[in-house]
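Note that the coordinates shown come from a computational prediction; the quantities given were computed from them, not determined experimentally.
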Amino acid sequence: MSRSAERLKVVFNHLDRSSVLLQASPTSGQNITSYHPQVLRYTNDSGPLTPDQRLFYEANGFIVIKNLVSEEDIDRFRREFERICRQEVKVPGLLVMRDVAISKSEFVPDQKAVSKLQDFQEDPELFRYCALPQILKYVECFCGSNIMAMHTMLINKPPDAGKKTSRHPMHQDLHYFPFRPVDRIVCSWTAMEKINRQNGCLVVLPGTHTGTLKEHDYPEWEGGVNKMYHGVRDYDAGHPRVHLEMEKGDTVFFHPLLIHGSGMNQTQGFRKAISCHYASADCYYIDVKGTTQENIEKEVKEIASRKYDLDDTFTFQDTWSLRGRLVQGERTSL
């Protein structure tokens, strides 16, 4: 039995011990030391995560897997993104978002820059990302064998125009999701090129996934903020943070309560990443009325109503049910 396996056995068999010192696994790309709970709440023992990687995720709420997506696949996703920007292909249900301060497009003259594609589930080429076997084998560690792809994005962070609008405020992804349980949801986020602090890498607050969902709203930033970029209203700004500098093909998996964001893109190029939020097909929808999520429910319904000419009977939950796609196993609930 390996040292890691023996260590995990101790965790399972000696739950009366108060805590175990945890150090980052080599694949995490980080050097964090922290304490973790004894019961492995956030992962299961199926799939390729090593015992040390599971312990790292338990304590920190994220794990980076190096070189998971091939250069060939990423280049295909990049070409499809360019086709969409050039309007050579129309994708049903796709939301094309543009930066409020960037007037120069990457591909098309006289258009504002596309900062994000959202909901590309009807684009077969981009949606291939969500069903890549090497991604799903890790997702199964968090969600189980019945897996839904619920939310898709290709983020194209533009060079900042001097107004800092290329930032993404610190937030928790669960703010946007009306389904539970929270621990059976995970995001995969893959770098489509080298990503560092200069071009606005992700920044995470390790361990914040063990807390609760906080109130979110638009930050009061001079220069404006992009549509639906809500931020956490109150968090400990002094909490230790980790900047996730990644190479092309590296993929981070993270919990929906993990507080994270990204900085400005201070380079002259666009910074690209592709991501999917997955949930167990056994998850269920909740009513968010009277909760901190009520503001995002209202905003999403207003956007959907304008885009598709829908009446008031259309619910926040409906918007997610229509976008969700089964990528493995059976669609048991969502």
Side-chain angles (χ1 to χ4, degrees), residues 4-25 27-28 30 32-65 135-148 150 171-189 204-214 232 235-236 239-240 242 244 251-260 276-286 291-293 328-329 332-334:
S4 294
E6 288 176 353
R7 184 176 175 194
L8 187 57
K9 186 176 179 181
V10 168
V11 171
F12 285 135
N13 294 338
H14 299 87
L15 298 183
D16 57 324
R17 299 175 68 177
S18 59
S19 62
V20 177
L21 188 64
L22 170 67
Q23 293 189 342
S25 67
T27 58
S28 73
Q30 306 298 327
I32 299 170
T33 300
S34 59
Y35 289 91
H36 64 85
Q38 289 296 321
V39 177
L40 296 191
R41 165 180 170 180
Y42 302 107
T43 62
N44 58 60
D45 58 7
S46 65
L49 284 179
T50 67
D52 276 350
Q53 287 174 326
R54 291 182 65 192
L55 292 173
F56 184 89
Y57 187 89
E58 291 285 322
N60 296 288
F62 71 94
I63 187 80
V64 176
I65 307 299
I135 295 277
L136 291 180
K137 70 179 183 179
Y138 279 97
V139 172
E140 187 169 347
C141 298
F142 310 101
C143 298
S145 58
N146 297 322
I147 303 171
M148 295 286 294
M150 298 299 293
H171 64 284
Q172 297 166 297
D173 290 341
L174 189 67
H175 172 65
Y176 298 92
F177 304 153
F179 42 88
R180 302 292 189 275
V182 60
D183 295 338
R184 298 283 76 84
I185 303 168
V186 73
C187 178
S188 69
W189 194 100
V204 301
L205 304 189
T208 51
H209 67 301
T210 62
T212 58
L213 181 60
K214 296 181 177 294
V232 175
Y235 70 95
D236 179 6
H239 191 288
V242 174
L244 300 182
T251 301
V252 59
F253 295 90
F254 60 90
H255 191 278
L257 282 174
L258 182 73
I259 296 176
H260 66 287
C276 179
H277 281 90
Y278 298 91
S280 167
D282 304 325
C283 286
Y284 52 86
Y285 289 105
I286 63 166
T291 74
T292 60
Q293 293 179 261
Q328 181 177 297
T332 51
S333 179
L334 280 182

J.: Taking atom types as modelled, find out whether N44 and S46 have a side-chain donor-acceptor pair closer than 3.5 angstrom.
T.: yes

J.: Specify the closest pair of heavy atoms between T43 and R184, including all atoms of both residues, with the distance to one decimal.
T.: N-NH2, 4.2 Å

J.: Sequence neighbours excluded, which residues qualify as side-chain contact (heavy atoms from CB on, under 4.5 Å) partners of T291?
T.: V288, Q293

J.: Taking Q172 for its side chain and T212 for its backbone only, find out whether a donor-acceptor pair lies under 3.5 Å.
T.: yes

J.: Is it true that H255 and D183 share a donor-acceptor pair across their side chains at a distance under 3.5 Å?
T.: yes

J.: Y278: what forms a ring pair (Phe, Tyr, Trp, His ring centres under 6.0 Å) with it, not counting sequence neighbours?
T.: none

J.: Identify the heavy atoms of L334 and M150 that sit nearest to each other, and give their distance.
T.: CD1-SD, 3.8 Å

J.: Mind checking whether Y176 and H171 have parallel, tilted or perpendicular rings, split at 30° and 60°?
T.: perpendicular

J.: Taking only residues two or more places apart in sequence, or in another chain, which ones meet R180 in a salt bridge (Lys or Arg N to Asp or Glu O under 4.0 Å)?
T.: none

J.: If every non-hydrogen atom of L213 is compared with every non-hydrogen atom of H175, which pair is closest and at what distance?
T.: CD1-N, 3.6 Å

J.: With under 30° as parallel and over 60° as perpendicular, where do the rings of Y57 and F142 fit, or are they tilted in between?
T.: tilted

J.: Within this structure, what is the NE2-CG distance for the pair H209 and L258, rounded to the nearest 0.5 Å?
T.: 7.5 Å

